[in-house]
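These notes are about the structure you will find just below.
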Amino acid sequence: MRQTTINRSTAETKISVEINLDGTGSYANHTGIGFFDHMLDQLARHSLIDMKINAKGDLHIDDHHTVEDVGIALGQALSTALGDKRGIRRYGACLLPMDDALVRTALDLSARPFLIWNVDLPTAKIGNFDSELVREFFQALSTHGGITLHIDMLHGLNSHHIAEAVFKSVARALREAVETDPRKSSDIPSTKGAL
């Protein structure tokens, strides 16, 4: 069963993340941050990873701690649910258009976290959401999920479209990477014998 629940509690946030890698993309995400919930819903829907995230954070200060800590907890959940990564495809990529935005994601579930971020969000805010927090989320997800993650914006004018294309592109790449490879369903996808 490739599913898990992670609970993270700090002085700043209390977060519960429940995922099922073999789901249908169902979601129930409640962080108190409307735009972020919308992006997490996209991540679940397009990765086909069932996702329930509940977060209570110090939103009276700002959204930073909540967004970053959700990224940490979700990364930990992905890593735990993948276990020894036996049988997965490991790599995933997606070139995703959304209106004016075109985003390319390539990732490796390598246990070697690294984020390459070539995304320029032209406005400081998307509604009430700080645009810079999109990168903070993916930095935390990459670090705590052990993901080598390259995200490149090839085109884009509208910050909402660009951010949404990023989440959807990462989702589709994740969907590919976590899937079981029917030709090697009992092997770890590395010549090292471990990931």
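Quantities reported herein were computed from a predicted structural model and do not represent experimental measurements.
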Step by step, work out the side chain to side chain donor-acceptor pair (under 3.5 Å) result for H65 and D58.
-> CA-CA 7 Å; H65 297 143; D58 53 2; 2.8 Å; yes

Residues R175, I49; criterion side-chain contact (heavy atoms from CB on, under 4.5 Å); working and verdict = CA-CA 8 Å; R175 175 179 172 178; I49 296 172; over 6 Å; no

Derivation and outcome, side-chain contact (heavy atoms from CB on, under 4.5 Å), residues R2 and I88 = CA-CA 11 Å; R2 301 191 314 156; I88 66 167; 3.5 Å; yes

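Distance CG/N20 to NZ/K52: 10.0 Å, rounded to 0.5 Å. For the atom pair CD of E18 and OG1 of T4, the computed distance is 9.0 Å after rounding to the nearest 0.5 Å. The distance from the NE2 atom of H30 to the CG atom of L40 is 11.0 Å, given to the nearest 0.5 Å. Atom OG1 of T180 and atom CG of D22 lie 6.0 Å apart (nearest 0.5 Å).
Residue T148 comes nearest to R112 through the heavy atom pair OG1-O, 2.7 Å, listed as atom of the first residue, atom of the second, then distance. Summarising the geometry of L59 relative to G32, their closest heavy-atom pair is CD1-O, 3.6 Å, with the distance given to 0.1 Å. What you find for A93 and E176 is that their closest heavy atoms are O-OE1, 3.3 Å. Residues V70 and A55 approach most closely at CG2-CB, 4.0 Å, considering heavy atoms. Pairing each heavy atom of T143 with each of P113, the nearest pair is CA-CB, 3.6 Å.
Put simply, the side chain of I19 does not reach to within 4.5 Å of the side chain of Q3, judged on heavy atoms. For the pair V17/T5, no side-chain contact is recorded, criterion being any heavy-atom separation below 4.5 Å from C-beta on. Residues L78 and L174 meet the side-chain proximity criterion, which asks for heavy atoms closer than 4.5 Å. By the 4.5 Å heavy-atom criterion applied to side chains, L82 and L109 are counted as neighbours. The closest side-chain heavy-atom distance from F35 to M39 is below 4.5 Å. Within the 4.5 Å cutoff, no side-chain heavy atoms of D63 are placed close to those of F36. Within the 4.5 Å cutoff, side-chain heavy atoms of V134 are placed close to those of L121. Within the 4.5 Å cutoff, the side chain of F137 has heavy atoms near those of the L74 side chain.
In the hydrophobic clustering of ILVMFWY residues, with side-chain heavy atoms under 4.5 Å counting as a link, W117 and L96 come out apart. A chain of hydrophobic side-chain contacts below 4.5 Å, direct or via other Ile, Leu, Val, Met, Phe, Trp or Tyr residues, connects I126 to L43. In the hydrophobic clustering of this structure, L133 groups with M153; members are Ile, Leu, Val, Met, Phe, Trp, Tyr whose side-chain heavy atoms approach within less than 4.5 Å, directly or through other members. Note on F129: it clusters hydrophobically with I151, by side-chain heavy-atom contacts below 4.5 Å among ILVMFWY residues. Hydrophobic clustering, with ILVMFWY side chains joined whenever heavy atoms are under 4.5 angstrom apart, keeps M51 apart from L48.
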Could you go through residues 184-195 and list every donor-acceptor pair under 3.5 Å that involves a side-chain atom there, pairing it with any protein atom two or more places apart or in another chain?
residue : atom : partner : partner atom : Å
K184    : NZ   : D187    : OD2          : 3.4
S190    : OG   : K192    : N            : 3.1

Donor-acceptor contacts, no H, no angles, side chain residues 157-172, under 3.5 Å, sequence neighbours left out:
residue : atom : partner : partner atom : Å
N158    : OD1  : H160    : N            : 2.9
N158    : OD1  : H161    : N            : 2.9
S159    : OG   : T123    : N            : 3.1
S159    : OG   : T123    : OG1          : 2.7
H160    : NE2  : E164    : OE1          : 3.1
H161    : ND1  : D100    : OD1          : 2.5
H161    : NE2  : D99     : OD2          : 3.4
E164    : OE1  : H38     : NE2          : 3.3
E164    : OE2  : K168    : NZ           : 3.1
S169    : OG   : C94     : O            : 3.1
S169    : OG   : T105    : N            : 3.3
S169    : OG   : T105    : OG1          : 2.8

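Of the possible polar contacts, one joining the T31 side chain to the I33 backbone as a donor-acceptor pair under 3.5 Å is found. At least one donor-acceptor pair under 3.5 Å links the side chain of D62 to the backbone N or O of H64. For D108 (side chain) and Y91 (main-chain N/O), no donor-acceptor pair under 3.5 Å exists by modelled atom type. Under a 3.5 Å cut-off, the side chain of K56 and the backbone N or O of I15 do not form any donor-acceptor pair. The backbone N or O of I147 sits less than 3.5 Å from a side-chain atom of S142, completing a donor-acceptor pair. Checked by atom type and distance alone, the side chain of T80 pairs as donor or acceptor with a backbone atom of Q76 at under 3.5 Å. A side-chain donor-acceptor contact under 3.5 Å links N29 to the backbone of I53. Here the side chain of D50 pairs a donor or acceptor atom with the backbone of S26 at under 3.5 angstrom. D181 places a side-chain N or O within donor-acceptor distance of the main-chain N or O of R183, the cut-off being under 3.5 Å. For the pair D84 (side chain) and R86 (backbone), a donor-acceptor distance under 3.5 Å is present.
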